[in-house]
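Here is how names work: the chains are called A, B, and so on, in the same order as the sequence lines, proteins then strands, and each is numbered from 1. As a basis for the values below, the full set of heavy atoms in this structure was taken, side chains included, without hydrogen atoms, waters or symmetry mates. Keep in mind that what you see is a predicted model, and the values were worked out from it rather than measured.
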Amino acid sequence: MIDIQLLRTNLDAAVAPLAARGYAFPREAFLALEAERKEIQTRTQELQAARNAQAKRIGQAKAKGEDAGALMAESGAINARLGKLEQTLAQTQERLRQFLDGIPNLPHESVPQGTSAQDNVEQRRWGSPRAFDFPPKDHVDIGAALGMLDFETAAKLAGARFVVMRAGLARLHRSLAQFMLDVHTQEHGYTETYVPYMVSGECANGVSSLAKFRDDLFKLEGRDLYLIPTAEYPVTNFVRDEIVPLESLPLKFVCHSPCFRSEAGASGKDTRGMIRQHQFDKVELVQIVRPEDSYRCHEELTAHAETILKKLALPYRTVVLCSGDMGFSSAKTYDIEVWLPGQNAYREISSCSNFEAFQARRMQARFRNEKGKPELVHTLNGSGLAVGRTLVAILENYQNADGSITVPHALRPYMGGAEKITRA
RNA sequence: GGAGAGAUGGCAGAGUGGUCGAAUGCGGCAGACUCGAAAUCUGUUGUACCCAUCGGGUACCGGGGGUUCGAAUCCCUCUCUCUCCGCCA
């Protein structure tokens with residue numbers, strides 16, 4: 001949720017950055033709605049004050065044993081007008097709330113302007129793509145040859161965009177999650193969490209706009225519950241409607257969870273393999289921090305995610321998303337893209353965002369500042385990393401000419417010491 | 001699933017129709033005392049919004065709805081918590 005005070009006091013300061021991310025702010029409509037709300041609210045409150053004063057007089061009269069009949073008749077007249085006004089006010093405020101609900105976050109000043117992914121700006125590269133002395137396969141072919149990656153059986157069970165893993169690859173997948181959790185808890189200071197895999201509509205609306213993105217989520221029939229599209233949903237909501245003590249910040253949580261996405265807008269996109277699935281595992285990093293720290297923490301969190309790729313010796317590059325390519329709630333986002341020999345391209349494996357107070361305002365997540373006053377926290381999150389895509393990256397980068405997979409050194413302790421995954 | 005009890009400020013806890021945004025205690029903050037601290041004493045201490053220079057007003061006692069001139073208080077409903085029984089990984 002954008003800060004309505006900013007819109008009231010300095011509308012231009014919001015309109016221009018929003019235009020940069022492709023959002024045309026309906027200036028006249030907003031001003032008219034605000035003026036209407038203000039007028040109705042003032043009139044309503046005046047009438048409420050009159051009603052309260054009248055009720056007090058009635059109480060005093062009755063206490064003295066006087067007849068309050070005339071006073072009570074006046075009250076009736078006030079209430080008749082007040083009832084209608086209160087209803088109108090509620091409707092106007094709801095319209096305003098819905099309007100605000102649909103406005104995306106303002107991009108940070110350091111975010112490059114642009115309209116699409118082509119305008120994203122590379123920040124750094126790490127590692128160099130391996131030179132193969134045989135034609136590298138993509139992960140689908142590698143997994144099928146191993147007999148460990150099975151999309152046909154998954155389709156029989158649940159349809160397209162699911163996968164069944166077996167044997168060495170299933171274990172590799174599990175090992176990756178364990179490895180990531182261990183690194184983030186032991187080396188980066190995150191607290192491991194276990195959370196519900198479904199959340200209420202209220203929680204979903206806390207991190208993004210449910211009205212706008214409802215179709216991207218799987219909803220449970222007949223209940224106000226959604227399967228989480230990322231652990232960001234439950235974990236960030238830890239602090240919803242809370243005022244946390246100053247000294248508890250920063251809060252740093254890591255959570256391994258399955259993620260469920262309807263991929264409603266992605267039909268025909270990445271249909272091959274496990275790049276884009278309805279269900280995938282992810283290790284998510286979430287930080288709840290003081291506002292003045294959030295951009296430093298954003299750099300740190302991104303580095304935490306990159307550490308995993310370094311330890312796995314997977315080449316990657318980090319890009320900053322341009323204003324037109326950012327998510328709804330984000331003020332600034334880095335995407336980390338891993339090298340995939342099978343696609344001969346860098347592909348997103350992590351997205352690290354600073355939401356500033358945008359989510360905190362929606363969630364009413366606050367801390368008590370030095371002066372003892374409640375103030376909105378800043379929230380950040382990032383994938384550290386997407387487990388399924390990391391598995392894909394390992395298959396493609398660590399494949400051998402004989403169809404086997406070399407296990408990265410960092411994962412061997414989790415794989416019972418195995419150095420290779422081979423067909424049984 | 002059945003029966004019962006409950007939800008009030010940062011915390012504990014009073015308040016069962018009007019003078020209650022809410023007693024009291026603890027905690028926090030400021031001051032006094034002290035070389036300093038502890039103890040003690042004094043004051044102060046919710047959030048959001050509206051109008052206005054000081055200041056005034058409105059809403060909020062788990063959520064929503066209702067009764068009433070007037071609701072923390074009465075009624076309905078939902079959610080959650082606790083106790084007992086049943087069931088269960």
Side-chain angles (χ1 to χ4, degrees), chain A residues 1-10 30-101 194-206 210 220 222-226 234 237-249 251 258 288 357-377:
Chain A
M1 189 85 70
I2 197 168
D3 183 7
I4 193 167
Q5 297 302 345
L6 178 69
L7 299 182
R8 285 172 182 157
T9 57
N10 193 356
F30 169 72
L31 290 174
L33 188 54
E34 245 306 271
E36 185 183 341
R37 187 216 104 239
K38 206 174 232 186
E39 204 246 312
I40 295 171
Q41 181 165 348
T42 305
R43 275 201 290 146
T44 303
Q45 293 189 351
E46 281 166 4
L47 262 173
Q48 284 172 329
R51 177 205 60 197
N52 291 347
Q54 188 74 357
K56 196 164 263 185
R57 268 181 239 123
I58 292 169
Q60 284 163 350
K62 286 200 164 180
K64 289 185 209 153
E66 296 167 3
D67 175 37
L71 291 171
M72 285 167 71
E74 288 174 39
S75 270
I78 294 173
N79 282 354
R81 279 200 294 155
L82 184 56
K84 278 185 214 145
L85 255 185
E86 280 178 334
Q87 212 176 350
T88 311
L89 179 62
Q91 286 165 357
T92 307
Q93 282 173 330
E94 175 58 18
R95 272 197 290 153
L96 193 59
R97 195 198 62 72
Q98 281 179 12
F99 173 77
L100 288 173
D101 186 83
Y194 171 84
V195 300
Y197 298 151
M198 35 190 115
V199 296
S200 67
E202 201 176 353
C203 285
N205 200 52
L210 186 56
L220 267 70
R223 308 197 55 162
D224 179 37
L225 284 175
Y226 298 81
N237 273 285
F238 283 3
V239 289
R240 191 177 110 241
D241 288 325
E242 298 282 337
I243 300 174
V244 301
L246 181 67
E247 57 276 15
S248 71
L249 298 180
L251 291 166
I288 316 288
F358 189 85
Q359 294 181 326
R361 193 172 291 109
R362 300 176 80 91
M363 292 188 299
Q364 282 303 298
R366 295 173 292 178
F367 70 102
R368 213 168 274 286
N369 65 21
E370 283 86 351
K371 290 176 185 152
K373 290 292 168 198
E375 189 180 334
L376 294 169
V377 297

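- For the pair K56(A) NZ and U68(B) P, the computed distance is 22 Å after rounding to whole Å.
- Taking side-chain N and O atoms only, K373(A) has no distance below 4.0 Å to OP1 or OP2 of G46(B).
- Nearest to the side chain of A49(A), among U58(B), C51(B), C69(B), sits U58(B).
- Contact annotation: N52(A) does not reach the phosphate of G18(B) (side-chain N/O to OP1 or OP2, under 4.0 Å).
- Residue Q98(A) places its CD atom among more than 12 non-hydrogen atoms of other residues, nucleotides or ligands, all under 6.0 Å distant.
- Here the nucleotide nearest the side chain of I58(A), chosen from G18(B), G10(B), C51(B), is G18(B).
- If you check every strand for non-hydrogen atoms under 4.0 Å, Q5(A) touches sugar and phosphate atoms only.
- Of the candidate nucleotides U47(B), G70(B), A59(B), G70(B) has the atom nearest to the side chain of N79(A).
- Nucleotide A48(B) holds its C1' atom 18 Å from the CZ atom of R362(A), rounded to whole Å.
- Taking atom CG of residue L47(A) and atom P of nucleotide U58(B), one finds them 12 Å apart after rounding to whole Å.
- Under the 4.0 Å criterion applied to side-chain N and carboxylate O atoms, R37(A) and E34(A) are assigned as salt-bridge partners.
- Out of U47(B), G57(B), A59(B), the shortest distance to the side chain of Q45(A) is found at G57(B).
- R362(A) places a side-chain N or O within donor-acceptor distance of the main-chain N or O of N205(A), the cut-off being under 3.5 Å.
- When the nucleotides C50(B), G57(B), C69(B) are ranked by their closest atom to the side chain of R8(A), C50(B) comes out on top.
- As the counterpart of U40(B), A32(B) is assigned, both hydrogen-bonding distances of the Watson-Crick or G-U wobble pattern falling under 3.5 Å.
- Taking every side-chain heavy atom of K38(A) into account, C51(B) is the closest of U58(B), C51(B), U47(B).
- With distances taken from any side-chain atom of R37(A) to the nucleotides A48(B), C49(B), C69(B), the minimum falls on C49(B).
- Nucleotide A59(B) forms a Watson-Crick or G-U wobble pair with U47(B), both donor-acceptor distances falling under 3.5 Å.
- Applying the 6.0 Å contact sphere to CZ of R8(A) captures more than 12 heavy atoms from other residues, nucleotides or ligands.
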